[in-house]
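Quick note: numbers below take in every heavy atom, side chains included, and nothing from hydrogens, waters or symmetry partners. All chains are named by letter (A, B, ...) in the order of the sequence lines, taking the proteins before the strands, and each is independently numbered beginning at 1. Keep in mind the model is a prediction, meaning the values are calculated, not measured.
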Amino acid sequence: MTEPNAAAIVPQRDTREERRRALLWQIVDDYSLIGIFVVLFVVLSATVRYFFSWDNVVGLALSVSQIGMVACTMMFCLASRDFDLSVGSTVAFAGVLCAIVSNATGSVAIGVAVSLAAGALVGFVNGAVIAKLKINALITTLATMEIVRGLAFIASHGQAVGVTNESFFALGSAEFIGLPVPVWVTLACFVVFGVLLNKTAYGRNTLAIGGNPDAARLAGVAVDRVRIAIFLIQGLIAALAGVILASRITSGQPNSGEGFELNVISACVLGGVSLMGGRASISGVLVGVLIMGTVQNAMSLMNIDTFYQYLVRGGILLVAVLVDQLKNRRQSR
Amino acid sequence: MTEPNAAAIVPQRDTREERRRALLWQIVDDYSLIGIFVVLFVVLSATVRYFFSWDNVVGLALSVSQIGMVACTMMFCLASRDFDLSVGSTVAFAGVLCAIVSNATGSVAIGVAVSLAAGALVGFVNGAVIAKLKINALITTLATMEIVRGLAFIASHGQAVGVTNESFFALGSAEFIGLPVPVWVTLACFVVFGVLLNKTAYGRNTLAIGGNPDAARLAGVAVDRVRIAIFLIQGLIAALAGVILASRITSGQPNSGEGFELNVISACVLGGVSLMGGRASISGVLVGVLIMGTVQNAMSLMNIDTFYQYLVRGGILLVAVLVDQLKNRRQSR
Amino acid sequence: MTTSGSPRLEFRHIGKTFPGVRALGDVGFQVRAGSVHGLLGENGAGKSTMMKILGGEYIPDEGEVAIDGQVQHFRSAADAIAAGVAVIHQELQYVPELSVMENLLLGRLPTRFGFVDRRRALAWTRERLDALGVDLDPRARLKQLSIGQRQMVEIVKAILRDATILALDEPTSSLSHRETDVLFRLVRDLRAQGKAMIYISHRLDEIFELCDAATIFRDGRKVADFDTLEGVTRDTLVQRMVGREIDDIFGYTPRAQGDVRLSVKGVAGRAVPLPVSFDVRAGEIVGFFGLVGAGRSEIMRVIYGADRRTSGEVLVDGKPIRPSHVRDAIRHGLVFCPEDRKEEGIIGVRSVSENINISARRNHLVAGLFVNDRNEARTADTYIDRLRIRTPHRRQEIRLLSGGNQQKAVLSRWLAEKDLRVLIVDEPTRGIDVGAKNEIYNVLYELAARGVAVVMISSELPEVLGVSDRIVTMCRGRITAQFDRASATEENVLAAALPEGAGSTAIRNA
Amino acid sequence: DVKIGFVVKQPEEPWFQDEWKYAEQAAKEKGFTLVKIGAPDGGQVLTTIDNLKAQHAQGFIICTPDVKLGPSIVAKAKADGLKLMTVDDRLVDGSGNPIESVPHMGISATKIGEQVGQAIADEMKKRGWKPEETGALRISYDQLPTAKERTDGAIAALTAAGFPKDNVVNAPQAKTDTENAFNAANIAITQNPKYKHWVAFGLNDEAVLGAVRAAEGRNFRADDMIGVGIGGSQSALNEFEKAQPTGFFGSVLISPKRHGYETSVNMYEWIKNGKAPPQLTLTTGKLITRDNAAEVRKEMGL
Ligand SMILES: Nc1ncnc2c1ncn2[C@@H]1O[C@H](COP(=O)(O)OP(=O)(O)OP(=O)(O)O)[C@@H](O)[C@H]1O
Ligand SMILES: Nc1ncnc2c1ncn2[C@@H]1O[C@H](COP(=O)(O)OP(=O)(O)OP(=O)(O)O)[C@@H](O)[C@H]1O
Ligand SMILES: O[C@@H]1[C@@H](O)[C@@H](O)CO[C@H]1O
Ligand SMILES: [Mg+2]
Ligand SMILES: [Mg+2]
């Protein structure tokens, strides 16, 4: 800004006009990542064969559906300055459990309910240990990651557990207005958690806790309760992702979801969620998830050698974060 | 200043006796983790057959030698409030590169030198991106983790690269006063990095940067330079670990070292290194590494079912951190 | 003394703009060697920004800094240090885990063959501390020290750099009186050695006591320069700073008082093991005075529920508050503004509006869940206008506001409470300009007039005497005396705040 | 008393759980102690051997994470004075030739792959598909040498049976789980809208399962899809148990029983009675489908 010195005379008391302009800038910044994604999408559509086709776009959406669901809750987790490595294991455990229980009881509904409850329980334990015993979230969830993975193996004897009740498969493969159910569920997650983040006291409190937990506590935020809720919901949604995955692949597999947690966290960070807490946006996370999925999809369509895909993935991650960073720098200088 | 020198009487100056007691407590606290380890070791010696034997102890030492080396540098990285996920990939890449270059040039020395240089370069890039472009360390090193792993696969065409020159194997298997070379190298790392941390300006600046980066910068500490050095050295040592591993297994394997980074970080955190920066002790890291190795070793000796090993690992991690946490809580009261 | 006429330090036409905020515009002034130059201005006037430019932390958009006539181009703090500049920042910048010695020598530990020479460093530090007359244990870790001691370390750190130019940005905000005296002595010594110094404070008596010359900023511009403070009155300074007359900064008028609102009965906590009891009436302002560490903050935190209550009862309008349960206190209309604004008050990365609405929003939720954005915007704008919080808009991250404005926003958080009954403020005017102080006092009066029971902790005796209806003194975790406004004097209040036998100890320590 | 180590590269995999199970059975019958350890990478293999020495085992059987670890495993076993046998995957030396001196029982990855390819070719013929209208999904994971060998074997058998090489579509999976196979296959199908039918093969049953599910999503169902996996694992059996046939046509079953039981017994005899095991025993896989799965498994004693 190189305005005439006149502005210096009333620097802070901005006019209504100036306030509006500053706000506009902030919005532009908030949505710059979306711009990046749109450009990426257009370029790929123009250059990569089959990329811009309904089948492919649906496939892309399906491929990120599990990550997308859990990214919504991971966003809360990171926004409150926490961290959760256990989600991948929970995905596997929930899938296995759902298959086992459905088979044993003959009821898919019971299977799903038990899995979701188990996921919520895992999340609750994470949250309680972290909030109440004040153990570092990284270590706590690294530990539960091991433990829950172990449970998945133990429960399944290391074997894929097939589901006998075929109605279970609808969850993963049925279509509704042209889109498969998992995609709808993911979209629903984005809407629900977007609203939760931006429009409810729960979301605002999450951000406040991430910004400064001590201050939030003194301002009357039920810090421990919110943190536990965040983990509990995350466990629940991870279990939901696990159930849907099991339904998609028609069996519960104890070794599914390995490396899932890092993908989810990457998507969030790509989407501008700060690991230092206090900053998050649902549109950012959506775009983060989409960028990750799109890049992977396009690389496969372009038949890029697997080994070179590693380079591309790493490179994209860096570039996307760098662009975001440059934007922030402009903002804070 | 309307008052007399009244405030002088603030009761802060402890007596000599009190100071001595506080110091004593501090020492007890600083070394409590060592106590935990000693108890663990004694209990295992008494209860697990073959545990307390020279062979087993050497085997144990060997099994943690790679983790041990890199934990030393990871300690610096965490102490300066950074994070490095790329070490596992660097281990693999350095091993592969060493094998390829040794084969091509016929000289093990050149192979080792090139690998170490490559590791240092990876570290330098990490450090430069993080310090200069100010990109979050988690994302940066997640990206280089992918990229370097990709390079390892590309360089080796995805295959293990055998080394033809047999003198290479001495590095991993030769013994010296009853201990294998890798163990000596690891011990040397602990001594060197222990001294670096505690006795040099480099180490103290690292802690200062982790404790309060702004304060360090404002005091004229060359923050960027120190951070870059930390990553560079970490890359170098990770490469050394990779070379030694390749020598031990007589080939460079592009998929080795997966999950290595989390093990190293866990060992450090177990050893009381704070993820929030500013706190680290070399004895703690040593014990952290040993606890991890010991638990794994004892589980193998006790023939514990693989699936249950997950539970034990997770449980131990939690308990060790919890104990440390309780100690800290007492301290901060 | 080297009081040459030519300036040692000169700021020329400095301008600095942040997104949405022009912090400085075409500002210049000069500082002579061997003088202490006071820098005054309201919160957000741009003082700290100027010091950060001097310290190499910010690069100005326009203008330049000259030392001995030489134009400097600082690109980093290291550059400024190399040029002989030392800045003590308003926000303390120390490393909590390191020792006093290591903090003092941060960035320049003496080494031998690459190894830190601890012995030499320790000896040197001891010697210098003794020479300066500062009582600090070089081996203690910073996190073990009180805030005041930490601030002292910061000051000493800057002095030990043997810089020729020294800037102190509100160095006394958390110093005890004894420490303040030590500081003043040090500053005078340095002046005698010919250093050029800039001294920023909102306490005008300090300015008069210490400074040779002064400059006043307002809204990012210079509004006045005084080559000497001889014959300049306090009123002149205030008038130039605030842009209006404030004849009586306290502006107290008596109020009617109602029944007992807050009743504290035998309350104790970990750090204040002895039970404490007192009452506050509706419409009453009670000032709590004591020395640093007297336990005032601690007992209030226990009452509020921020720290664990080990015994006793707290009643608001006769209804008991659950111990150790902040939200119960808030629900009963009892709220607390902590003294450590940065650590416990603000949520830095969130907006001004969020910081104001965080608690009160629970009364305006739609369907018990959704935030009422319109209402919150209105609330935020109301307080931004009413307390004159300087911010480009309500969505600005609060960490980007100047300290005083952050304080006002935190206070607004509680003013926005629908059913406020008891307000406890801990050092509410720490680091706040005269004009804003006056505004904050008016807010307290207004609340009291509405029937709120107000407790104000303050370490500034004049403030306690000027604002309170009643004064309670504490010492070593105990209430030692109470005074009506009419019967309180500086002497008797202070005497009651001192520990037994204080006189003799004071003399011994002095 | 005899103590034998049984070291496997992926302890979580059902296959190895089964091998262990049958080895355990042998231990019970013969009265020796079995030590089961997982060693997923080279470093841990060496650690494990040291560990076995420390607990006074006399020999061990190993399925190594990488066959190129051969020389170091041999050297280590020798240094630690342990007898060595390999199972499943055969060790190779620096120049890639099998190390003959180590007794081995296992499958040839290439051979198994060829069996898969052959099974697909046969079924195609039976259904009367035109090869040029058919695409072949190679669910690849070339980071893993055995995985590459298996899929290469399948391609070799397919092309030998007249399948056009150009119709083989590479679908690389990022991890070896079903979901990643699904995504890889999905994209490959998108890229090749021209094919009327699909066949699929990969590293194991899980990979093929992913391809089958992806094809279903694109409306290539049992009639238009032939997936043949490797392993005869639970993932395959689950498919066969479904009420309606799926695109998962069959799986080449290899017997963990022989591998686990026989190798352990051989090692026991070697230690106890000095009776050296046969230098090389190659087992073959057997194709199982919906129709014969139960039967074949029974035959093999599973
Ligand atoms: N990094 C920044 N980004 C945006 N605005 C900033 C930043 N730093 C300072 N400001 C704004 O610049 C103005 C000047 O702030 P500064 O801290 O210099 O004031 P000050 O005179 O030191 O006030 P105080 O007496 O409260 O310390 C304020 O309006 C503040 O909000
Ligand atoms: N100089 C100090 N060193 C160590 N602890 C201190 C010091 N000053 C205060 N404390 C701790 O703080 C608690 C009481 O101080 P508190 O902050 O409540 O006093 P205060 O009267 O509010 O003074 P302040 O002006 O510092 O806020 C005690 O528990 C004491 O241990
Ligand atoms: O890894 C495979 C395993 O999955 C099983 O198929 C047997 O052979 C091994 O090489
Ligand atoms: Mg300031
Ligand atoms: Mg206080």
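- Pairing each heavy atom of C77(B) with each of S80(B), the nearest pair is O-OG, 3.0 Å.
- Heavy-atom minimum distance, V95(C) versus L207(B): CG1-O, 4.1 Å.
- In this structure, D169(C) and V87(C) have side chains that are not in contact, with every pair of non-hydrogen atoms separated by 4.5 Å or more.
- Top candidate by heavy-atom pairs under 4.5 Å with chain C, chosen from A222(B), P213(B), S274(B), G211(B), is G211(B).
- Chain C forms more heavy-atom pairs under 4.5 Å with one residue of D214(B), V221(B), N212(B) than with any other, namely N212(B).
- For R161(C), the part sitting under 4.5 Å from any heavy atom of chain B is the side chain, from C-beta outward, and nothing else.
- If you tally non-hydrogen atom pairs under 4.5 Å between each of A208(B), A216(B), G210(B) and chain C, the highest count goes to A208(B).
- Annotation: R118(C), atom CZ; neighbour count of heavy atoms from other residues, nucleotides and ligands within 6.0 Å does not exceed 12.
- Most heavy-atom pairs under 4.5 Å with chain B, from the set L105(C), L106(C), L109(C): that is L106(C).
- Other residues, nucleotides and ligands contribute over 12 non-hydrogen atoms within 6.0 Å of the CZ atom of R203(C).
- The interface of residues 190-206 of chain B with chain C, defined by heavy-atom distances below 4.5 Å, comprises V195(B), K199(B), T200(B), A201(B), R204(B), N205(B).
- Interface residue F115(C): backbone and side-chain heavy atoms are both found under 4.5 Å from chain B.
- Other residues, nucleotides and ligands place no more than 12 heavy atoms under 6.0 Å from the CZ atom of F124(B).
- Considering only heavy atoms from C-beta on, T90(B) stays 4.5 Å or farther from V70(B) through its side chain.
- Environment of CZ in R185(C): crowded, with over 12 heavy atoms of neighbouring residues, nucleotides or ligands closer than 6.0 Å.
- With salt bridges taken as basic N to acidic carboxylate O contacts below 4.0 Å, one links E209(C) and R188(C).
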